[in-house]
Amino acid sequence: MYRDYYCNEPNEKLIGQDVKLSGWINKRRDHGGLLFIDLRDRSGLIQVVFDPDNLKENEFHWNQFRSEWVIQVQGVIQKRPEGTENLNLPTGKIELIAKNYKVLNVSKTLPFELTDFKEETDEIIRLKYRYLDLRRSQKYEILNLRHKVVKFIRDYLDTNGFLEIETPILIKSTPEGARDFVVPSRNNQGQFYALPQSPQQLKQLLMVSGIDKYFQIVKCFRDEDPRSDRQPEFTQLDLEMSFVTQEDVLNLTEEMFTGLIKSLDIDKKFNSPFQRMTYDSAMELYGTDKPDLRFDMQIKDFSSLSKDNPFKVLSNTIKNKGVVKGLVVPGGSAFSRKKIDSLVEYTRELGGSGLIWIVLEENPGSDDFEFKSVVRKYLDLDYVKNISTTHNAKKGDMILLVAGENKHTLEILGQLRNKLGRDLDLFDKNELNFCFITDFPLFEWDEENKKWTSSHHPFTMPHEEHQNNITIDNASDIRAYCYDLVANGSEIASGSIRIHKKEMQEEVFSILGYSKNETNELFSQLLDAFEYGAPPHGGIAPGIDRIIMLLSGTENIRDVIAFPKTQSGFDPLFESPSQLTAEQLNELGISIKNPENNSN
RNA sequence: GGCCCCGUGGUGUAGUGGUCAACACGCCGCCCUGUCAAGGCGGAGAUCGCCAGUUCGAACCUGGUCGGGGUCGCCA
């Protein structure tokens, strides 16, 4: 036996007892004739005292000890002498007096320090030595949190009658959605599997099988550029239920998330019940389908007040079927000119033609209304008074206006709103604000490829009133039983009620531009199944990584994944992706187009 | 693919045209029996990501390139 306790377990009740502990040397304080070490494992630290009077001889003398050596110590737990307690440590009132020890392994000097008080080492170095980075307590806590979340979900869904079922990782490439990661087949040269972007069709087939309630905590793969909240492989809780309506799925989701957060001992407050908002109002009020509702500052419509304005930038936009919309920034008059200019620049980076800012000046002791703006000479006082009154802007505030096409204008203002929320500290970092966004459009117009695409995925059920009229002509009007769970401006889960009738599914595919042949080729496994009594069904898929980000307060998805990849999809630890040998390529029947990229 | 930011001993930083590239932590050695981010003294360790250019002279300026981060496109 290597140990009797984890390092943080001994307490005053064990005083006088003989115990054995094992762990890493976190820190060594060598006083010449006396050595203190902090012995560390995943649970924490305990101070061990090496005093020559108490120690047996050993192959290593204790003054050879170095950081990160792995040792086993046997000794007696002792109350620390008066005045030497360390209240920063849970074990700070006691210490282990070493009587015997064994060096289980030595360690080279680490490439970076694990101490918490230093500034963070460059991430690429930490990823290369991820196994060392993960020794740090903050990293362990995140992995522990992740374990608890997944454990809760499994228990909760088990209690509610769900079956956890595995689905294949080697499946078939489909043209919809993200780029696939592909795997060449040796037995079928020239043919490829694809890794699932999600087990979507498989779980629907399980519903046809009568499984009724399915879930899986499963890796999904999308060969698209990573972001701070996106990795090429990530984990979803994929779940599906038969004989359910949208309301059933949302209620289950809400109950699960509420129960989850309550089960965790974390310092976060959250709203209950969750808010509900349609996609259309989210876009109109917040300029995004994932609004951060921890703060207000809704987008306001200034169009009708601006349509006759002599300032052509405003009136001409309205004439050309555009809009003038904007934000009232509370206390915005305190912004420096430099700060305002950076907002204008930010708007341009987002593709906006410009940002009109109007600072309503604070005039203590006077009722005079005055304002500042770079377009001051084009704007009259009455207009500014008018829009201020209508949209409740007060002295000391700033009005920001964007003129242009409606959707683009809203999206720009949505991003500006998020930036201002961050810059002005408008929200409480310890708050979790959950909201279901519902009634997404079934289709979206893809301007680049001049075709309709699914806004969620092609298996989404349209609302009843559109079900008998799924045509190209009204494609933009069709709303769907499709929903997202959004928290603090981040999409946490996404789901829908699915189509379960072959004819309706075929109508949707035809609007997406698939011929009958293509539909059969790519989706016959699902369409055939629908002919054998497919039940109504629907589900949702929360992103596990994002849930952990939210709960742990981290801003980067790499922090919640044990072995993540960089933004270029590189794994610095294994140095993958990597080349194959000539024999491997030959066996797969693959030749490399640019041999200079493969020197094997 | 576009845009923005970053790259200096092992780690984190300073250094914006001119002698041996500075500091902290870490590391090595010596001293030290109550420290806990121990302390004291001493020491080693960097051709400033890479390539080219400008210049009498480049860590510093310019161009390119590689790597990292953020973001837009992309992500059914």
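To find a chain, count down the sequence lines: A is the first, B the second, and so on, and within it residues start at 1.
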Looking at the base of B:C75, is there any donor atom on it, or on the side chain of A:R222, that sits under 3.5 Å from an acceptor on the other one?
no
Partner lookup for B:C3, please. Criteria are Watson-Crick or G-U wobble with both distances under 3.5 angstrom; report none if nothing qualifies.
B:G70
Please list, by residue number, the residues of residues 403-415 of chain A whose heavy atoms come closer than 4.0 Å to an atom of RNA chain B; answer none if no residue qualifies.
A:Q415
Show the nearest heavy-atom pair for residues A:R40 and A:N26, with the distance to one decimal.
NH1-OD1, 2.8 Å
Which nucleotide in the list B:C72, B:U11, B:G68 gets nearest to the side chain of A:T121?
B:U11
Any ion pair linking A:K338 and A:E345 (charged N to carboxylate O, less than 4.0 Å)?
no
Might you confirm whether atom NZ of A:K419 has over 12 heavy atoms from other residues, nucleotides or ligands at distances under 6.0 Å?
yes
Mind running side-chain hydrogen bond (donor to acceptor under 3.5 Å, both in side chains) on A:T409 and A:N406 for me, showing each step along the way?
CA-CA 5 Å; A:T409 299; A:N406 186 38; over 6 Å; no
For A:S198, which contact category applies under a 4.0 Å heavy-atom criterion: base, sugar-phosphate, or nothing?
base
If I pick the C1' atom on B:A14 and the same atom on B:G57, what distance separates them, to the nearest angstrom?
23 Å
Grab the CZ-C1' distance between A:R126 and B:U11 for me, whole Å please.
12 Å
Test item: A:L195 and A:L170 side chains (from C-beta on) under 4.5 Å apart, heavy atoms
yes
Look at the side chain of A:D225 and decide which nucleotide, out of B:G34, B:G70, B:G73, has an atom nearest to it.
B:G73
Base B:U71 paired with A:E349 side chain (donor-acceptor, <3.5 Å)
no
So, applying salt bridge (charged side-chain N to carboxylate O under 4.0 Å, His left out) with A:R136, which one of A:E120, A:E141, A:E113 is it?
A:E120
Would you mind classifying the nucleic acid contact of A:E120 as base, sugar-phosphate or nothing, using non-hydrogen atoms under 4.0 angstrom?
sugar-phosphate
Hey, is the main chain of A:M241 close enough, under 3.5 Å, to the side chain of A:Y214 for a donor-acceptor pair?
no
Hey, are the side chains of A:C220 and A:F234 touching, using non-hydrogen atoms and a 4.5 Å cut-off?
yes
From the options B:G70, B:C75, B:G69, select the nucleotide whose nearest atom is closest to the side chain of A:R230.
B:C75
In whole angstrom, give me the gap between the C1' atoms of B:C48 and B:A59.
4 Å
Let me know the distance between CZ of A:R179 and C1' of B:G73, rounded to the nearest Å.
11 Å
Taking the same atom, P, in B:G39 and in B:G26, what whole-Å distance lies between them?
8 Å
Can you check nucleotides 44-48 of chain B for protein contacts, nitrogen or oxygen pairs under 3.5 Å, and list what you find?
none

B:C27 and B:C66: how far apart are their C1' atoms, nearest whole angstrom?
30 Å
From CG of A:N26 over to C1' of B:A38, roughly how many Å is that when rounded to an integer?
14 Å
B/S/- contact track for nucleotides 23-33 of chain B, protein heavy atom under 4.0 Å
--BSSSS--BB
Can you establish whether the number of heavy atoms outside A:F60 located under 6.0 Å from its atom CZ is more than 12?
yes
In whole Å, measure the gap between the P atoms of B:C41 and B:C23 for me.
15 Å
Between B:G10 atom P and A:I124 atom CD1, what is the distance in whole Å?
17 Å
CG of A:D559 versus C1' of B:G69: gap in Å, rounded?
13 Å
If we take the C1' atom in both B:C28 and B:A44, what is their distance in whole Å?
7 Å
State whether the aromatic ring of A:F36 stacks on the base of B:U35, taking stacking to mean ring centres under 5.5 Å apart and ring planes under 30° to each other.
yes
Can you tell me which residue among A:L134, A:I548, A:I561 is in a side-chain contact (heavy atoms from CB on, under 4.5 Å) with A:I142?
A:I548
Should A:T84 be listed as having a side-chain N or O under 4.0 Å from OP1 or OP2 of B:C36?
no
Considering only side-chain heavy atoms of A:Q47, which listed nucleotide, B:C75, B:C36, B:G69, is closest?
B:C36
Taking the six-membered ring where the residue is Trp, are the ring centres of A:W24 and A:W69 under 6.0 Å apart?
no
By nearest-heavy-atom nucleotide on RNA chain B, the more 5' of A:I125 and A:D38 is A:I125
Answer yes or no: side-chain N or O of A:D122 and base N or O of B:G7 forming a donor-acceptor pair under 3.5 Å.
no
Using only side-chain N and O atoms of A:R29, determine if any of them is under 4.0 Å from OP1 or OP2 of B:A38.
yes
Using side-chain contact (heavy atoms from CB on, under 4.5 Å), reason through A:D51 and A:I97 one step at a time and then give a plain yes or no.
CA-CA 8 Å; A:D51 184 329; A:I97 306 298; 5.6 Å; no
Rounded to whole angstroms, how far apart are NZ on A:K565 and P on B:G68?
13 Å
Looking only at side-chain atoms of A:E95, point me to the closest of B:G69, B:G68, B:U35.
B:U35
Who does B:A14 pair with, Watson-Crick or G-U, both distances under 3.5 Å?
none
How would you list, by chain and number, every residue that makes a ring-ring contact (aromatic ring centres under 6.0 Å, His included) with A:F65, sequence neighbours excluded?
A:F50, A:Y101
How far, in whole Å, is B:G17 from B:C25 if one measures between their P atoms?
30 Å
Using Watson-Crick geometry (N1-N3 plus N6-O4 or O6-N4) or G-U wobble (N1-O2, O6-N3), each under 3.5 Å, B:C61 is paired with B:G53
Protein-nucleotide distance (A:R348, atom CZ; B:G2, atom C1'), rounded to Å:
18 Å
Is the shortest side-chain N/O distance from A:R227 to OP1 or OP2 of B:G69 below 4.0 Å?
no
Identify the two heavy atoms, one from A:Y514 and one from A:P175, that lie closest to each other, and give their separation to 0.1 Å.
OH-CG, 3.2 Å
What is the ring orientation for A:F523 with A:F459, classed by angle as parallel under 30°, tilted 30 to 60°, or perpendicular over 60°?
perpendicular
Whether A:R479 side chain and A:Y279 backbone form a donor-acceptor pair below 3.5 Å:
no
Rounded distance (Å) that lies between atom C1' of B:C75 and atom CD of A:Q567:
14 Å
Sugar-phosphate, base or nothing in reach of A:P81, heavy atoms under 4.0 Å
base
Enclosure of A:K501 NZ (heavy-atom neighbours >12, cutoff 6.0 Å)
no
Donor-acceptor pairs under 3.5 angstrom involving side-chain atoms of residues 484-491 of chain A: please list them, not counting sequence neighbours.
unit_1, atom_1, unit_2, atom_2, d
A:D484, OD1, A:S494, OG, 2.7
A:N488, OD1, A:N433, N, 2.8
A:N488, ND2, A:E431, O, 3.0

Distance check, P atoms only: B:U65 and B:U71, in whole angstrom units.
24 Å
Which residues in residues 85-93 of chain A have at least one heavy atom lying under 4.0 Å from any atom of RNA chain B?
A:E85, A:N86
